[in-house]
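Worksheet for the structure shown next.
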Amino acid sequence: MGSPYKIMRLLLFFDLPMNTKEDRRIYTRFRKYLINNGFSMIQFSVYVKIFPNRVSMTQYTQSLRNNLPPIGSIRVMGVTNKQYEAMMIMVGGKTIQEDMITEDPLVIL
């Protein structure tokens with residue numbers, strides 16, 4: 001296990017059913033939960049959140065478990081900031097949030 005002080009990113013991937021009105025309500029509630037808790041969308045159903053270290057990311061995943069929808073598929077993967085920045089974008093470009101959110105705590109809007 002690496003240094004607990006490395007900046008980490010938590011990638012969250014999800015597929016939720018959208019067949020019924022109740023399914024759509026559950027999807028909307030979960031998506032709003034992610035956004036209200038600091039996640040940024042990098043692609044449809046792929047969200048990312050930055051953490052100051054591995055320990056805080058691990059602690060957060062415990063609280064995330066309490067807010068998961070009852071059905072669907074949700075996966076998370078923690079990567080270091082360096083690994084995240086090495087991601088290759090094959091088509092398209094960085095989102096506005098990715099350009100603004102960095103490990104630098106000062107963000108000028």
Side-chain angles (χ1 to χ4, degrees):
M1 192 154 147
S3 167
Y5 302 106
K6 282 188 177 179
I7 291 176
M8 300 292 295
R9 298 216 187 206
L10 183 66
L11 293 164
L12 186 139
F13 314 88
F14 70 93
D15 287 317
L16 298 177
M18 299 279 286
N19 300 323
T20 66
K21 189 173 184 177
E22 177 66 13
D23 289 344
R24 289 188 293 276
R25 187 180 66 75
I26 290 169
Y27 166 87
T28 301
R29 189 177 339 151
F30 183 63
R31 186 176 174 280
K32 284 182 180 180
Y33 166 81
L34 294 175
I35 292 167
N36 290 337
N37 282 273
F39 280 86
S40 298
M41 184 176 76
I42 57 173
Q43 285 187 213
F44 292 118
S45 299
V46 180
Y47 285 71
V48 65
K49 180 175 175 155
I50 194 166
F51 290 90
N53 55 51
R54 185 177 304 273
V55 172
S56 63
M57 182 184 71
T58 303
Q59 289 171 345
Y60 180 78
T61 58
Q62 296 305 317
S63 67
L64 176 63
R65 289 178 192 274
N66 297 329
N67 291 284
L68 296 176
I71 56 174
S73 175
I74 299 172
R75 299 165 189 249
V76 295
M77 180 172 67
V79 297
T80 65
N81 203 50
K82 188 172 184 174
Q83 290 169 324
Y84 182 83
E85 289 175 354
M87 182 183 347
M88 292 189 293
I89 299 174
M90 305 298 277
V91 175
K94 287 185 174 184
T95 64
I96 294 170
Q97 290 92 345
E98 285 179 298
D99 280 335
M100 290 182 355
I101 299 173
T102 65
E103 64 183 77
D104 184 1
L106 177 63
V107 176
I108 300 173
L109 302 176

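Heavy atoms only: backbone and side chains are in, while hydrogens, waters and symmetry mates are out. In this text the structure is predicted, and so the values were computed from the model without any measurement.
- Judged purely by distance below 3.5 Å, without hydrogens or angles, the side chains of N53 and S56 pair a donor atom with an acceptor atom.
- Residues I42 and L11 are in side-chain contact: their nearest non-hydrogen atoms beyond the backbone lie under 4.5 Å apart.
- Once rounded to the nearest 0.5 Å, the distance linking CE of M57 with CG of L64 reads 11.5 Å.
- Between Y84 and M8 the shortest side-chain heavy-atom distance does not fall below 4.5 Å.
- There is no path of hydrophobic side-chain contacts, each under 4.5 Å, that joins I71 to Y27.
- Under the 4.5 Å side-chain criterion, counting only non-hydrogen atoms from C-beta, R75 is not in contact with M77.
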Any chance you could lay out the side chain to side chain contact (heavy atoms under 4.5 Å, CB included) test for T20 and R24, step after step, and finish with the verdict? CA-CA 6 Å; T20 66; R24 289 188 293 276; 5.6 Å; no
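- Using modelled atom types, no side-chain atom of K49 and backbone atom of S40 make a donor-acceptor pair closer than 3.5 Å.
- The two residues P17 and D23 make their nearest non-hydrogen contact at O-CB, 3.3 Å.
- For CD of Q43, the number of neighbouring non-hydrogen atoms (other residues, nucleotides, ligands) closer than 6.0 Å is 12 at most.
- Rounding to the nearest 0.5 Å places NZ of K21 at 13.5 Å from CD1 of I26.
- Taking 4.5 Å as the limit, some side-chain heavy atom of N81 sits within range of a side-chain heavy atom of E85.
- Ring geometry for F39 against Y47 counts as perpendicular: the plane angle is over 60°, on a 0 to 90° scale with 30° as the lower cut.
- A continuous path of ILVMFWY side-chain contacts below 4.5 Å connects F51 to Y33, so both sit in one hydrophobic cluster.
- Here the side chains of I7 and T80 are not in contact, with every heavy-atom distance at 4.5 Å or above.
- Partners of I74 under the side chain to side chain contact (heavy atoms under 4.5 Å, CB included) rule, at least two apart in sequence or in another chain, are L12, F14, L16, F30, L68, P69.
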